[in-house]
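Input: a single structure, listed below in structure tokens.
Whatever order the structure lists them in is the order used to number ligands and atoms, beginning at 1.
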Amino acid sequence: MDAVTRSYGLSGINISKSNASKFRHDSSMHACESCWRSGTTGRSFQKLQLQNRKRFCSAGMLTHPLSFTESDSEIEEDKIGVLLLNLGGPETLHDVQPFLYNLFADPDIIRLPRLFRFLQRPLAQLISTLRAPKSKQGYASIGGGSPLRKITDEQADALKMALEEKKVASNVYVAMRYWHPFTQEAVRQIKRDGITKLVVLPLYPQFSISTTGSSIRLLQTLFREDKILSKLPVAIIQSWYQRQGYVKSMADLIHKELQTFGSPHEVMIFFSAHGVPVSYVRDAGDPYKDQMEECIDLIMHELKARGIHNHHKLAYQSRVGPVEWLKPYTDEVLVELGQKGVKSLLAVPVSFVSEHIETLEEIDMEYKELALESGIQNWGRVPALGCTATFIADLADAVIEALPSASAITTSTTDNANTFVQDPLAFAIKLLLGSFLAFILLLFPGFKNQNV
Ligand SMILES: C=CC1=C(C)c2cc3[nH]c(cc4nc(cc5[nH]c(cc1n2)c(C)c5CCC(=O)O)C(CCC(=O)O)=C4C)c(C)c3C=C
Ligand SMILES: [Fe+2]
């Protein structure tokens with residue numbers, strides 16, 4: 001399936017993979033990735049070309065039809081909204097258990113078969129209560145709460161400004177999945193503000209069922225239930241790890257950080273991605289692993305083009321519970337690298353664009369200590385992109401490119417959640433057994449190393 005039709009169980013929404021279209025635009029008719037995504041081909045494309053003659057830039061590239069052309073009354077009347085999706089995090093230590101409850105109550109995080117969904121909430125209550133003390137320690141060590149809300153608000157402001165610089169007026173909203181401001185609050189505000197065209201932009205570069213997928217599923221439910229919102233044209237950018245702006249911004253950060261080492265060329269570039277259970281990829285078709293690997297290739301390719309030929313490695317961190325997660329595991333690889341004689345290592349968090357508990361506590365404290373104990377002598381860490389100007393400007397371009405493909409979310413009520421499961425019965429049994437195993441193992445103290 002291509003990026004347009006792939007639904008990952010999210011019925012009724014066309015989600016598009018944001019491509020490096022800025023770099024692929026040329027004057028030929030079908031070279032524009034956004035128009036391809038939006039199905040604007042042939043005659044309709046020609047019509048668009050004619051309507052938007054002024055939008056071809058001097059290099060013969062197509063720039064998209066947006067509110068910056070005074071003559072276009074239809075577009076000028078649009079009230080554009082951008083909805084940033086993020087995970088959310090507890091702002092105080094009191095918030096930790098209810099935040100964890102929301103997270104574990106999400107059927108995209110603990111994936112129970114439909115028949116056993118009634119166990120979701122009791123299980124969430126149990127796991128959140130058991131995990132809360134460990135999580136609280138983590139949040140206490142980074143100042144008593146997650147920085148995610150503040151950073152995401154700053155990114156929203158920066159994006160609004162970047163769009164304004166590109167002559168696109170917009171309201172930018174933040175929708176967190178598990179804590180304030182909840183997705184429901186953001187959606188209510190979008191409705192109150194009378195937004196007429198919405199671009200949904202997850203702040204996760206790669207798509208995972210557990211992150212972007214979960215947020216989109218919730219949006220779909222909220223929009224379907226509402227008479228006005230179900231008609232609102234929406235464009236969803238499902239992933240953007242492949243955009244040149246992102247890749248270059250990451251390469252800039254790595255390049256800069258390498259210079260802080262005595263012998264930069266000897267440093268191992270160590271990408272640490274957030275993990276997901278293997279079953280997501282193997283049984284549910286989560287494209288996360290493939291996208292992550294492609295993302296790393298693109299960043300390394302960019303570094304090579306700059307004459308940087310360091311060794312690199314990708315590993316997965318933050319596993320929770322007893323099931324198998326994507327491998328290799330970050331902690332195990334750090335020990336191996338130390339044993340193999342690697343002396344200098346630069347950790348690069350790559351699943352997320354804000355600092356959060358897993359960079360500030362897990363990488364900066366736990367993994368650094370482990371690496372130093374394992375024989376690595378020089379440790380560095382690339383900061384998260386945050387509000388880096390080149391990165392935010394590229395997100396603004398992604399929004400602009402996605403706008404023409406906005407269309408109403410359909411009212412189909414089919415739940416495709418399991419359409420990608422090849423053997424539903426085997427999957428159901430595995431999930432059930434897995435969940436109960438998790439439940440039992442949670443009660444054992446020796447389980448601590450597995451993060452729950
Ligand atoms: C239990 C399963 C989990 C999956 C699957 C998962 C996927 C996943 N998560 C992120 C990014 C973040 N996760 C954060 C917190 C967090 N995530 C889980 C569990 C799963 N994540 C837990 C239990 C927690 C709470 C923190 C803890 O107790 O360890 C956060 C928020 C961090 C903050 O600062 O508050 C982010 C961000 C990605 C990218 C991802 C899949 C690709
Ligand atoms: Fe997580």
Side-chain angles (χ1 to χ4, degrees), residues 8 84-93 95-112 120 123-124 127-152 155 176-180 202-215 238-239 241 272-281 284 286-292 295 316-326 349-366 384-386 434-435 438 442 448 450-452:
Y8 308 112
L84 298 182
L85 303 179
N86 213 339
L87 191 124
E91 286 163 71
T92 68
L93 296 184
D95 300 339
V96 172
Q97 189 276 328
F99 159 77
L100 289 175
Y101 172 83
N102 292 340
L103 186 134
F104 290 119
D106 178 358
D108 286 312
I109 287 282
I110 296 197
R111 298 171 52 80
L112 297 175
Q120 190 92 43
L123 211 53
I127 301 176
S128 61
T129 308
L130 289 171
R131 190 177 169 89
K134 182 178 187 291
S135 283
K136 274 188 190 176
Q137 270 181 14
Y139 283 108
S141 73
I142 62 164
S146 171
L148 219 52
R149 183 174 190 166
K150 183 173 170 284
I151 298 171
T152 311
Q155 287 172 324
M176 299 294 195
R177 183 67 183 87
Y178 307 117
W179 206 247
H180 299 280
L203 284 175
Y204 309 97
Q206 308 84 9
F207 181 99
S208 167
I209 293 167
S210 58
T211 53
T212 301
S214 166
S215 284
Q238 64 153 325
S239 64
Y241 65 90
S272 190
H274 198 300
V276 296
V278 161
S279 63
Y280 284 44
V281 175
D286 197 331
Y288 179 72
K289 181 173 182 283
D290 285 347
Q291 294 194 359
M292 187 57 73
C295 175
Y316 294 91
Q317 66 173 84
S318 314
R319 65 191 188 276
V320 180
V323 296
E324 189 188 357
W325 283 51
L326 289 182
V350 74
S351 327
F352 212 59
V353 291
S354 312
E355 297 296 346
H356 62 294
I357 191 167
E358 285 146 1
T359 54
L360 299 170
E361 196 265 340
E362 205 172 352
I363 297 184
D364 290 354
M365 298 179 196
E366 287 182 41
L385 281 165
S435 309
L442 275 167
K448 214 176 160 210
Q450 293 276 354
N451 277 351
V452 169

One residue to check: [X]. Relative to ligand 1, which of side chain, backbone, both or neither has a non-hydrogen atom less than 4.0 Å away?
X      : result
Asn86  : neither
Glu358 : side chain
Ile110 : neither

*Nearest heavy atom to atom 31 (C) of ligand 1 wins, so pick from Val96, Val323, Leu87.*
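Going through Val96, Val323, Leu87 one by one, Leu87 has the nearest heavy atom to atom 31 (C) of ligand 1.
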
*Could you check which of Pro277, Pro90, Ala384, Ser128 puts a non-hydrogen atom nearest to atom 5 (C) of ligand 1?*
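The option holding the nearest heavy atom is Pro277.
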
In terms of atom number and element, which parts of ligand 1 are under 4.0 angstrom from non-hydrogen atoms of [X]?
X      : result
Gly89  : 35 (O)
Val276 : 41 (C), 42 (C)
Ser135 : 27 (C), 28 (O)
Phe104 : 1 (C), 23 (C)
Phe99  : 25 (C)

Can you name the closest pair of heavy atoms from [X] and [Y] and give their distance?
X      : Y      : result
Ile127 : Ile110 : CD1-CD1, 3.5 Å
Val320 : Trp325 : O-NE1, 3.1 Å
Ala132 : Gln97  : CB-CB, 3.9 Å

Would one find an N or O of [X], backbone or side chain, under 3.5 Å from an N or O of ligand 1?
X      : value
Ser146 : yes
Tyr139 : yes
Trp325 : no
Ile357 : yes
His356 : no

_Treating Glu91 as the side-chain partner and Gly145 as the backbone partner, does any N or O pair qualify as donor plus acceptor under 3.5 Å?_
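Pair absent, no side-chain N/O of Glu91 close to backbone of Gly145.
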
*Please answer whether the main-chain N or O of Gln206 pairs with a side-chain N or O of Gln238 as donor and acceptor at a distance below 3.5 Å.*
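Absent.
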
Can you tell me how far apart [atom1] ([X]) and [atom2] ([Y]) are? Round to the nearest 0.5 Å.
X      : Y      : atom1 : atom2 : value
His356 : Ile142 : NE2   : CD1   : 9.0 Å
Arg111 : Ile209 : CZ    : CD1   : 5.0 Å
Met292 : Ser208 : CE    : OG    : 9.0 Å

*Check whether the ring centres of Tyr204 and Phe352 lie less than 6.0 Å apart, and answer yes or no.*
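For Tyr204 and Phe352, the ring centres are under 6.0 Å apart.
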
_Can you confirm whether the side chains of Ser272 and Gln317 place a donor and an acceptor under 3.5 Å from each other?_
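The answer is yes; a qualifying pair exists.
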
